**Q** 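Handing you a structure now.
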Amino acid sequence: MLGMERGIVTRSLLGVFEEDATAISNYMNQLYQAMHRIYDAQNELSAATHLTSKLLKEYEKQRFPLGGDDEVMSSTLQQFSKVIDELSSCHAVLSTQLADAMMFPITQFKERDLKEILTLKEVFQIASNDHDAAINRYSRLSKKRENDKVKYEVTEDVYTSRKKQHQTMMHYFCALNTLQYKKKIALLEPLLGYMQAQISFFKMGSENLNDQLEEFLTNIGTSVQNVRREMDSDVETMQQTIEDLEVASDPLYVPDPDPTKFPVHRNLTRKAGYLNARNKTGLVSSSWDRQFYFTQGGNLMSQARGDVAGGLAMDIDNCSVMAVDCEDRRYCFQITSFDGKKSSILQAESKKDHEEWICTINNISKQIYLSENPEEIAARVNQSALEAVTPSPSFQQRHESLRPAGQSRPPTARTSSSGSLGSESTNLAALSLDSLVAPDTPIQFDIISPVCEDQSGQAKASGQGGRRTNPFGESGGGTKSETEESILHQLFIVRFLGSMEVKSDDNPDVVYETMRQILAARAIHNIFRMTESHLLVTCDCLKLIDPQTQVTRLTFPLPSVVLYATHQENKRLFGFVLRTSGGRSESNLSSVCYIFESNNEGEKICDSVGLAKQIALHAELDRRASEKQKEIERVKEKQQKELSKQKQIEKDLEEQSRLIAASSRPNPASSEGQCVVLSSSQSEESDLGEEGKKRESEA
């Protein structure tokens with residue numbers, strides 16, 4: 001932290017010192033020209049002396065940025081101005097004496113000291129450009145095709161250029177500091193020499209040069225000697241400091257220092273340093289610019305070389321940051337604003353800087369910097385996260401940590417939730433955190449997982465061979481036509497954070513606890529990479545779609561989604577609980593909680609899932625009502641057929657009764673004792689007629 005502040009102060013002070021050197025150079029050039037007029041023109045001596053006196057009077061009007069002792073210097077120069085103005089009327093050309101005593105010191109300051117400053121400034125600029133070029137070559141090193149020889153040459157080039165820049169910078173700073181002393185000497189020595197030349201030349205001047213003036217000149221001479229001794233002492237101290245810094249800074253010249261010697265600081269809330277920023281120059285082309293970045297409150301600032309102050313690069317309050325792979329460059333990370341509308345890809349110089357930048361921005365996004373002791377709070381948060389959970393880092397360890405079938409927990413009664421976060425049961429409110437999520441539950445951070453052999457075997461046995469299933473609970477029951485016929489189609493951009501099995505699926509606290517454990521595990525194990533997908537919400541299911549290939553990664557049946565909720569504070573986080581078969585206990589249903597991060601749309605996604613479940617419920621009620629109506633119509637049709645059949649039977653019975661009545665009448669041909677013999681068919685009809693009459697009587 002102290003090094004960061006010193007770096008910012010040094011950059012600001014360098015501009016001030018350079019501005020002061022320019023002001024000194026301009027003023028000394030004017031004073032040199034004035035004294036040169038004294039040396040060149042005997043006839044103009046009086047006018048040149050008067051101009052010198054005038055310039056000395058105007059010294060107090062000058063605005064030197066580092067003029068700490070301007071009052072003492074101004075009063076001294078004012079006294080000189082008065083004396084020179086008195087002597088300007090009687091001076092003659094003192095060619096030799098003025099050349100030795102007056103012109104030589106100021107000429108030496110101008111030709112040697114000021115030119116030395118300009119030369120060192122040019123050398124420092126060249127060294128800085130060489131260092132930038134070496135850093136750019138080092139940044140373009142491929143992490144896929146590493147060449148030890150090329151890497152050694154580039155690293156050696158960075159070491160050499162950085163050391164050269166540092167040494168040049170220290171000598172340049174030393175010359176700027178020394179210039180303040182030389183300025184005083186260059187101002188006072190020529191004036192002292194001029195006065196001494198006048199004293200030695202004018203023997204008659206003793207009348208005008210009284211004892212008081214001689215004492216003043218003696219004091220000025222003593223002050224010059226004291227300033228010179230102080231300057232020599234400071235130069236010696238600075239030279240020793242330069243040597244010590246060269247020895248102590250030698251490990252810092254390496255672009256990627258040893259992490260054992262320079263550990264990563266994860267509790268920072270302020271950071272500054274050089275980063276490479278990616279700028280798109282076309283549809284597929286981009287360029288990388290190296291700038292100085294620093295954090296200021298909840299803002300990320302950038303400052304280009306030559307700028308007096310930094311400008312706002314991005315608002316990092318409530319932002320998201322993660323490591324990314326970009327154009328075959330190492331140590332890249334991406335910052336996305338809270339609304340998802342702005343993102344920036346930056347490249348750090350080393351792995352240490354890469355992790356520190358991500359941790360610092362992550363701490364700032366939580367607004368820890370607003371507290372009184374932000375670093376202590378950040379350390380406490382990281383320590384709490386470290387003690388909160390220790391997840392299994394791989395999918396293989398996840399299955400090794402599963403409990404045996406004999407130790408599975410007994411089935412508990414669950415009720416499906418419609419997604420209302422306000423209807424909490426009093427019994428569920430008394431549950432502890434351990435009853436929601438088991439402490440030894442493994443966490444899955446990647447959305448891609450191997451196929452579950454047991455589920456695939458069951459699928460083949462049920463006539464669904466060739467369909468891949470996975471432990472995330474993917475179900476292929478829905479077809480493409482069903483999805484296309486769905487009334488609701490809403491698409492959201494989400495990033496998968498993790499999933500883990502939970503004990504309860506009817507309490508929103510289980511979603512909050514799962515979010516806490518997954519975020520804590522990611523912070524502890526430095527897992528910043530997240531898989532981005534498109535979440536499609538329909539009336540049948542939830543689908544995770546690859547944004548590049550448009551291939552469905554996972555499908556969650558909507559009836560199996562029994563609970564969903566957003567984070568209570570960070571509305572970008574949301575999760576849902578999926579009830580599936582199998583899991584940690586093969587004999588019972590299991591519940592898996594999935595956590596995602598969206599672009600400030602967590603509540604919208606939950607509302608969309610709730611709307612989908614309502615539409616699905618109404619569709620199911622309509623389907624049942626339609627089936628019931630069809631059943632009623634089938635019963636009515638059957639009754640109509642029975643009634644028609646009954647009417648036909650009655651009609652047949654009437655016809656048979658009429659025939660029987662006709663056959664029972666006396667026949668004139670049988671009066672002689674003959675009888676009519678009925679055929680078998682007629683007897684059968686008569687029997688049917690009797691049965692029909694019995695039915696009518698019974699009716």
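What you see below is based on every heavy atom in this structure, not just the backbone, and it leaves out hydrogens, waters and symmetry mates. Everything quoted here is computed from the prediction, not taken from an experiment.
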**Q** Which distance, rounded to the nearest 0.5 Å, do you find between the CZ of Arg495 and the CE of Met322?
**A**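 Interatomic distance, Arg495 CZ to Met322 CE, rounded to 0.5 Å: 6.0 Å.
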
**Q** Is it the case that more than 12 heavy atoms not belonging to Glu627 sit under 6.0 Å from its CD atom?
**A**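 Correct, the count exceeds 12.
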
**Q** For this output row, return yes or no: ring centroids of Phe556 and Phe576 closer than 6.0 angstrom.
**A** yes

**Q** For Gln347, does its backbone N or O pair with a side-chain atom of His354 as donor and acceptor, under 3.5 Å?
**A** no

**Q** Looking at Asp132 and Arg305, is there a salt bridge between them, counting it only when a charged N and a carboxylate O are closer than 4.0 Å?
**A** yes

**Q** I'd like to know whether Thr269 forms a side-chain hydrogen bond (donor to acceptor under 3.5 Å, both in side chains) with Asn363, so could you lay out the CA-CA distance, the side-chain angles of the two residues, the decisive distance to 0.1 Å, and finally the verdict.
**A** CA-CA 6 Å; Thr269 55; Asn363 293 335; over 6 Å; no

**Q** Looking at OH of Tyr331 and CG of Asp353, how far apart are the two atoms once the value is rounded to the nearest 0.5 Å?
**A**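 Atom-to-atom, Tyr331:OH and Asp353:CG are 10.0 Å apart.
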
**Q** Between Glu349 and Arg162 (salt bridge meaning N to carboxylate O under 4.0 Å), is one present in this structure?
**A** yes

**Q** When rounded to the nearest 0.5 angstrom, what is the spacing between SG in Cys359 and NE2 in His265?
**A** 11.5 Å

**Q** Given 3.5 Å as the limit, does a donor-acceptor pair link the side chain of Ser608 with the main chain of Lys604, or not?
**A** no

**Q** Would you please test Ser590 and Thr580 for side-chain hydrogen bond (donor to acceptor under 3.5 Å, both in side chains) and show each step?
**A** CA-CA 5 Å; Ser590 64; Thr580 60; 3.2 Å; yes

**Q** Cation-pi between Arg553 and Phe496: NZ/CZ under 6.0 Å from ring centre and within 45° of the ring axis?
**A** no

**Q** Does Arg266 pair with Glu356 as a salt bridge, N-O distance under 4.0 Å?
**A** no

**Q** Spell out, as yes or no, whether a donor-acceptor pair under 3.5 Å connects the side chain of Ser626 to the backbone of Asp622.
**A**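 Such a contact is absent between Ser626 side chain and Asp622 backbone.
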
**Q** I need the minimum non-hydrogen distance between Glu569 and His567, along with the two atoms involved.
**A**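 Answer, listing the atom of Glu569 first, then His567: N-ND1, 3.0 Å.
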
